[in-house]
Amino acid sequence: MHKRLAQEVSGVTFAKTRYYQRSLFSDKLEPIPIEVNQEPQDEELRVDEGISLIKTDSLSQLMVSGYGLKLSKKRERLLVKKENKVIYEFPFFRLSEVAICSRGISITSDLIIELCKRGIYINFLEGNGRPFALITSPLLTATVKSRRQQFEALGDKRGFILTKKIVGAKLANQRGLLLYFGKYMKKTDSAAFQEIEEIAGRLLALKKSILKLKGNNVEEKRSEFLGIEGVASKLYWEGVKRVVLKKVEFLGRIHRGATDVFNPMLNYGYGILYSVVWGAIATAGLEPFAGFLHVDRPGKPSLVLDLIEEFRQPVVDRTVISLINLGEVNAQKSGMLDKSTRDILGEKIINRLEHKETHNGRKYQLRSIIQMQARRIAAFLRGEREYKPFRFRW
């Protein structure tokens, strides 16, 4: 957030911008001790092969990969060093997230403290995009009531209602995405279009069956939820196969060990989305490992996997299918995406998260909608309001 000040000096107007940031500890706007006499430039040079800065209209995500790099801070800027030489620096006030994408990278404790104070997440990702650690301040989630209500809801009707709405929204988004891409095939491939129309109709019927379910808690109906969701997923990926059939080989959804390019792209995109949803869940003061649809397992953040279901199609699936159809990416190496493909896909996913969509009658960035939905889950579990799932308007 910034406030523009104008100074008149000898008939000349100088625009000065002072930047403020909401303190995550006091919830007050505090001035950032740096003055910029002009707006930040839109272009940032990539000075090293291992450093990728994915910029958006508002903030930026810094993605760093490359053995031997060191991240530190100096005053109001994040520094990236290689062999003790500063090769890149970026102001904190324009950062939303720092992603560490390879091994052999060090980060100073001073930088960790600074990023946590500013509410900037530090994500650690594996080479396939799967996150394995997230650093954020525990003071951001220092609430107890929401967690208590979350655990109690596992055994009452709140958990059942929440699960029904999330699964219903997922099926609606799956159907909507197929129809969105299917309409472009109506004239070019009428047979495939008819198949997609048929699948969309069956998904609508499955969604209606979800909404008809009744129960006192999610545990007694989980098998039915999962059964319907499983049938819907099989239908959905059959529809996706028809959409991309002439562009890329896709035999079906494979989570690990895929040898085609489409599945690794989905996995990489889900990894980025996964970290964003996890951050939103943590900030909302909820327990990431206590979900409702997905069962509890050691190391499995069930609630993150629950909420991500509302956003797979609008954020990742749409982006990956579009890239495939446009022929922008097709590279792969030993079952992994090459660096060029990861960079392109990562940039497109982050830009998609910054894209504005209508939710509750207003336009918000998808990243903001994810945060809103996490807070809405917390409010619903506390009995403060109804939960309305996110449905993308295609």
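Keep in mind that the numbers below use all heavy atoms, side chains included, and drop hydrogens, waters and symmetry copies. Note that the structure is a prediction, hence the values are computed from the model and not measured.
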*What pairs with E219 under side-chain hydrogen bond (donor to acceptor under 3.5 Å, both in side chains), at least two apart in sequence or on another chain?*
R222
_Spacing of L266 atom CG and R253 atom CZ [to the nearest 0.5 Å]_ = 5.0 Å
*Candidates Y387, F225, F292 - the one meeting ring pair (Phe, Tyr, Trp, His ring centres under 6.0 Å) with F160*: F225
*Are the side chains of W237 and D317 in touch, meaning some heavy atoms are under 4.5 Å apart?*
yes
_With a 4.0 Å cut-off on N to O distance, would you call K117 and E114 a salt bridge?_
no
*Just wondering, are more than 12 heavy atoms of other shown residues or ligands nearer than 6.0 Å to CZ in R202?*
no
_SB check E76 R118 (cutoff 4.0 Å)_ = yes
_A290 backbone acceptor or donor facing S302 side chain under 3.5 Å_ = no
*Stepwise side chain to side chain donor-acceptor pair (under 3.5 Å) check, Y184 with N325*: CA-CA 11 Å; Y184 297 105; N325 283 342; over 6 Å; no
_Test side chain to side chain donor-acceptor pair (under 3.5 Å) on D338 and T341; report intermediate values, then the result._
CA-CA 5 Å; D338 63 16; T341 302; 2.7 Å; yes
*Working to the nearest 0.5 Å, report the span between CE of M185 and CD of E197.*
11.5 Å
*Evaluate whether atom CD of E83 has more than 12 neighbouring non-hydrogen atoms of other residues, nucleotides or ligands under 6.0 angstrom away.*
no
*asked:* Heavy-atom count check: over 12 atoms from other residues, nucleotides or ligands less than 6.0 Å from E386 CD?
replied: no
_Just to verify, which of R391, R362, R352 counts as forming a salt bridge (Lys or Arg N to Asp or Glu O under 4.0 Å) with E357?_
R352
*Are R158 and F380 in a cation-pi contact, defined as NZ or CZ under 6.0 Å from the six-membered ring centre and within 45° of the axis?*
no
*Pairs in or reaching into residues 177-191: which pass salt bridge (charged side-chain N to carboxylate O under 4.0 Å, His left out), with residues at least two apart or in two chains?*
D189-K246
Kindly list each side-chain donor-acceptor pair under 3.5 angstrom involving residues 169-176, sequence neighbours excluded, with atom names and distances?
unit_1, atom_1, unit_2, atom_2, d
K170, NZ, E229, OE2, 2.8
K170, NZ, E309, OE1, 3.0
N173, OD1, F392, N, 2.9
N173, ND2, A169, O, 3.4
N173, ND2, E310, O, 3.1
N173, ND2, F390, O, 3.4
R175, NE, A200, O, 3.2

